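Chain letters run A, B, ... following the sequence lines, proteins first, then strands; residues in each count from 1. Here the structure is a predicted model, which is why all the values come from computation and not from measurement.
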Amino acid sequence: MKQHLQTLLETALAHLVANGELPAAAAAQLPPLERARDPQHGDFASTVALSLTKLARQPPRQLAERIVAALPASPQVAEVSIAGPGFINFRLAPSAYHAVIADILAQGPQFGRCDLGAGQTIQVEFVSANPTGPLHVGHGRGGAYGAVVADLLTAVGYTVHREYYVNDAGRQMDILATSVWLRYLELCGELLPFPSNGYKGDYVWDIAAALHREQGDAYRADADVVFADLPADARADLPADDPAAGDKEAHIDGLIARAKHLLGDHHYRLVFELGLNIILDDIRDDLAQFGVVYATWYSERSLAERGAVAQVISRLQASGHTYTQDGALWFRASNFGDEKDRVLIRDNGQTTYFATDIAYHADKFERGFARILDIWGADHHGYVPRIKAALLALGHPAERLDVHLVQFAILYRGGERVQMSTRSGEFVTLRELRREVGRDAARFFYVMRKSEQHLDFDLDLAKSQSNDNPVYYVQYAHARVSSVLRQAVERGLMPETSAGLTHLERLTEPQELALIKTLARYAEIVVSAATGVQPHLLTQYLRELAGDFHSYYNAHQFLVPDAALFDARLKLILATRQVLRNGLELLGVSAPDAM
RNA sequence: GCGCCCGUAGCUCAGUUGGACAGAGCAACGGCCUUCUAAGCCGUGGGUCGCAGGUUCAAGUCCUGCCGGGCGUGCCA
């Protein structure tokens, strides 16, 4: 419809140019058509007269009049008017709107989908939490956001590759393995001071118990030997800068080295793998139950194992983008837009997480995705320039990488902020959240706000079965349509007795027209939500659609004796249900037939 | 200090690549169930769009400078 109106305007401009009433350049400057914000202004508005006023050297209203006079007639357009400073407003013929209903019913689940992406491949990497513990509610937001973005992009025609980057190497995993082993030693009866920097969650005990079940006391060592001659751990009762306060990092690193030494490579590896696998299985299962499924779980360790990290480093070296200083190898990130240079290989010979991440992103480009979307927690925002810098240095088109940052979710219960901290073990897991509020509410709430906005997640609201709860509000609209259908069947008023789509002209009530207009916007909403990577536009829209339906429901009876009117109204609410269902489907939220 | 994000109604937030009088939900107040689920609907009140300049026919939206809040700023991941 938009396109149709634009064509009419183009024709009018061409006509005026041909008559010499407008300079030739004017024809090329047609601004996009807008939906009228106020129904009183009609359905669509063009600002063409406003934007051409300078070029044409005419006041906008006068220009608008000329354009309107040159506008070809169209059966779809009921009225064209000029308003305000020079807006050209279009009011559509009712039949143009009624056609939307037929469209929706014909396309069913396909309605709102399109081929904008033309099958281009796009990778979406999201969550990618370290497998050092269960997912918490912060990861949940990234999961819901990434999943919905991926589904939206699929809906508009992209071929989407969902990926989880598994940090299955590195120091944090060593800390986990060591934490598991220490808990195992405690289960064996050893008494020991658990390191302040270790993982203290209950799940570590569970993994340790699994280790003990499998291996008995075979991995046991004497606690005195384990802790002999280690750097002192940090003391909570002293400030960190006090020399006597100890060093929790040095302490835990000492413990890791001790674990590797006492267990030997093989046994250490086994402990490490056990922890990794149990936690990764848990994460996988958790996300699957949340409706989040990946095509690839990409192993960080595999990058190092096949030499990809060493390779990107030598490529950077060969192209002169590195230097050595203080025993470390540095990347000249500041030559590529980053604020300072970054270390690739530490003075102890270990590669940094950054180096591995370069290899990972280089690999993404080498796999040939047309676009790459990273969804990160907002605390990683400082990391974006250095990754882009490295990609540029490697000769990759870094502009194809878009990093979207998701701000934290803050939970509230009973008006009080719920405290979270992974390391201390006092956190709310995604699984607990799902158990408490359910998958539907969690998914909906997570994407309800702009991703760059902090999310206040009100647990009480998400749980409440009341009109305050937007999830229920939308789902209830869907259920109500189904309920009406059940009533229709009970009364013997079945759709097949109706006369098809020939009575839509009977839909003339204000609530009906408002509802139809909202339905007509759905496809545009999906496109802007997908291309703008803004799922909240969809939740916003669905609330509006549900609102229009509820108003209609309260104002008019659907099951009326007038067969033609009944038929028309039935078609309208069926179309409404279809759009609600399609939208909820994209959000990963169920569309119940009864509540 | 520097970088990024955010400041819109009492609260939580929208605001369509600048557009016509700034919107929604909640909260407050007043109505609506012998009729398809009241998990709903209708109505009323409530805002110097953080502040000050600038660009523009047009600024909540773009630019600059302040003020306030969050995050980041490691040879951590």
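- Counting any heavy atom pair closer than 4.0 Å across all strands shown, H380(A) reaches a base atom.
- In this structure R577(A) satisfies the salt bridge (Lys or Arg N to Asp or Glu O under 4.0 Å) test together with D593(A), sequence neighbours excluded.
- No contact: A477(A) has no heavy atom under 4.0 Å from any strand.
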Enumerate all atom pairs, one protein N or O and one N or O from nucleotides 57-59 of chain B, separated by less than 3.5 Å.
unit_1, atom_1, unit_2, atom_2, d
C57(B), OP1, K54(A), NZ, 2.6

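- A glycosidic torsion no more than 90° from 0 defines the syn conformation, and C33(B) adopts it.
- Put simply, K340(A) has no side-chain N or O that comes within less than 4.0 Å of OP1 or OP2 on C2(B).
- Between Y552(A) and W330(A), the residue anchored nearer the 5' end of RNA chain B, judged by the nucleotide with its closest heavy atom, is Y552(A).
- S483(A) has a side-chain polar atom (N or O) that falls below the 4.0 Å cut-off from OP1 or OP2 of U37(B).
- Positionally, the nearest nucleotide of RNA chain B for R491(A) lies more toward the 5' end than for the other of R491(A) and T352(A).
- Within the structure, every side-chain polar atom (N or O) of H550(A) is placed at least 4.0 Å from both OP1 and OP2 of C32(B).
- The M595(A) side chain lies nearest to A39(B) when the options are A20(B), C75(B), A39(B).
- Residues H41(A) and R91(A) bring no donor and acceptor atom of their side chains to less than 3.5 Å of each other.
- Between R413(A) and E436(A) a salt bridge is recorded (basic side-chain N to carboxylate O distance below 4.0 Å).
- Not a single salt bridge (Lys or Arg N to Asp or Glu O under 4.0 Å) links E305(A) to another residue, sequence neighbours left out.
- A salt bridge between R569(A) and E512(A) is present, with a side-chain N of the basic residue lying under 4.0 Å from a carboxylate O of the acidic one.
- Y323(A) has no side-chain polar atom (N or O) that falls below the 4.0 Å cut-off from OP1 or OP2 of C75(B).
- Residue contacts for Y383(A): at a heavy-atom cut-off of 4.0 Å it reaches a base atom on one of the strands shown.
- Side-chain atoms of R486(A) lie closest to U37(B) of the nucleotides G19(B), U37(B), C13(B).
- For the pairing with Y360(A), the ring pair (Phe, Tyr, Trp, His ring centres under 6.0 Å) check across Y298(A), Y164(A), F354(A) returns one residue only, Y298(A).
- Contact annotation: R171(A) side-chain N/O to G74(B) OP1/OP2 distance is not under 4.0 Å.
- Minimum atom distance to the side chain of Y473(A) is reached by C41(B), of the listed C41(B), A20(B), C75(B).
- Taking a cutoff of 4.0 Å between a charged side-chain nitrogen and a carboxylate oxygen, R171(A) and E249(A) qualify as a salt bridge.
- Rounding to the nearest 0.5 Å places CD of E163(A) at 8.0 Å from OG of S128(A).
- Within 4.0 Å (heavy atoms only), H478(A) reaches no atom of the nucleic acid at all.
- Between R506(A) and D567(A), none of the side-chain N atoms (NZ, or NE/NH1/NH2) sits under 4.0 Å from a carboxylate O, so this pair counts as no salt bridge.
- An OP1 or OP2 oxygen of A14(B) is reached within less than 4.0 angstrom by no side-chain nitrogen or oxygen of R543(A).
- Spacing between G19(B) and A59(B) at atom C1', rounded to whole Å, works out to 10 Å.
- Below the 3.5 angstrom threshold, one finds a donor paired with an acceptor across the side chain of N89(A) and the base of A20(B).
- Residue Y476(A) has its side chain nearest to U37(B) when only G19(B), U37(B), G72(B) are considered.
- As judged by a 4.0 angstrom heavy-atom cut-off over every strand, D326(A) is placed among the base-contacting residues.
- Salt bridge annotation for D43(A)-K517(A): present, with a cationic side-chain nitrogen under 4.0 angstrom from a carboxylate oxygen.
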> Dot-bracket for RNA chain B, 5' to 3', counting Watson-Crick or G-U wobble pairs under 3.5 Å, with [ ] for crossing pairs and | for inter-strand pairs?
Replying inline: (((((((..((((.....[...)))).(((((.......))))).....(((((..]....))))))))))))....
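- When each of G19(B), C75(B), G72(B) is scored by its nearest atom to the side-chain atoms of H381(A), the top-ranked nucleotide is G72(B).
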Give each protein N/O atom lying under 3.5 Å from an N/O atom of nucleotides 5-10 of chain B, with the pair distance.
unit_1, atom_1, unit_2, atom_2, d
C5(B), O2', E452(A), O, 3.2

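- Residue Q540(A) is classed as a sugar-phosphate contact, given heavy-atom separations below 4.0 Å to backbone atoms only.
- Ring centroid separation for the pair H478(A) and F549(A) does not come in under the 6.0 Å cut-off.
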> When you look at Q475(A) and D440(A), which way does the side-chain hydrogen bond (donor to acceptor under 3.5 Å, both in side chains) test go after all the steps?
Replying inline: CA-CA 10 Å; Q475(A) 289 182 318; D440(A) 287 342; 3.0 Å; yes
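- Rounded to whole Å, the P atom of A52(B) lies 15 Å from the corresponding atom of C67(B).
- Q325(A) comes within 4.0 angstrom of a nucleotide base, judged by non-hydrogen atoms across all strands.
- Remark: E339(A) pairs with no residue by the salt bridge (Lys or Arg N to Asp or Glu O under 4.0 Å) rule, at least two apart or across chains.
- Within the structure, a side-chain polar atom (N or O) of Y553(A) is placed less than 4.0 Å from OP1 or OP2 of A38(B).
- Here D347(A) lies in heavy-atom contact (under 4.0 Å) with a base.
- On the C1' atoms, C49(B) is 16 Å away from G68(B), given to the nearest whole Å.
- Taking the six-membered ring where the residue is Trp, W330(A) and Y323(A) present parallel rings, their angle staying beneath 30° rather than reaching 60°.
- Closest to the side chain of Q172(A), from the set C76(B), C71(B), A20(B), is C76(B).
- Contact annotation for A45(A): base contact, defined as any heavy-atom pair under 4.0 Å involving a base atom.
- Taking side-chain N and O atoms only, S551(A) has a distance below 4.0 Å to OP1 or OP2 of C42(B).
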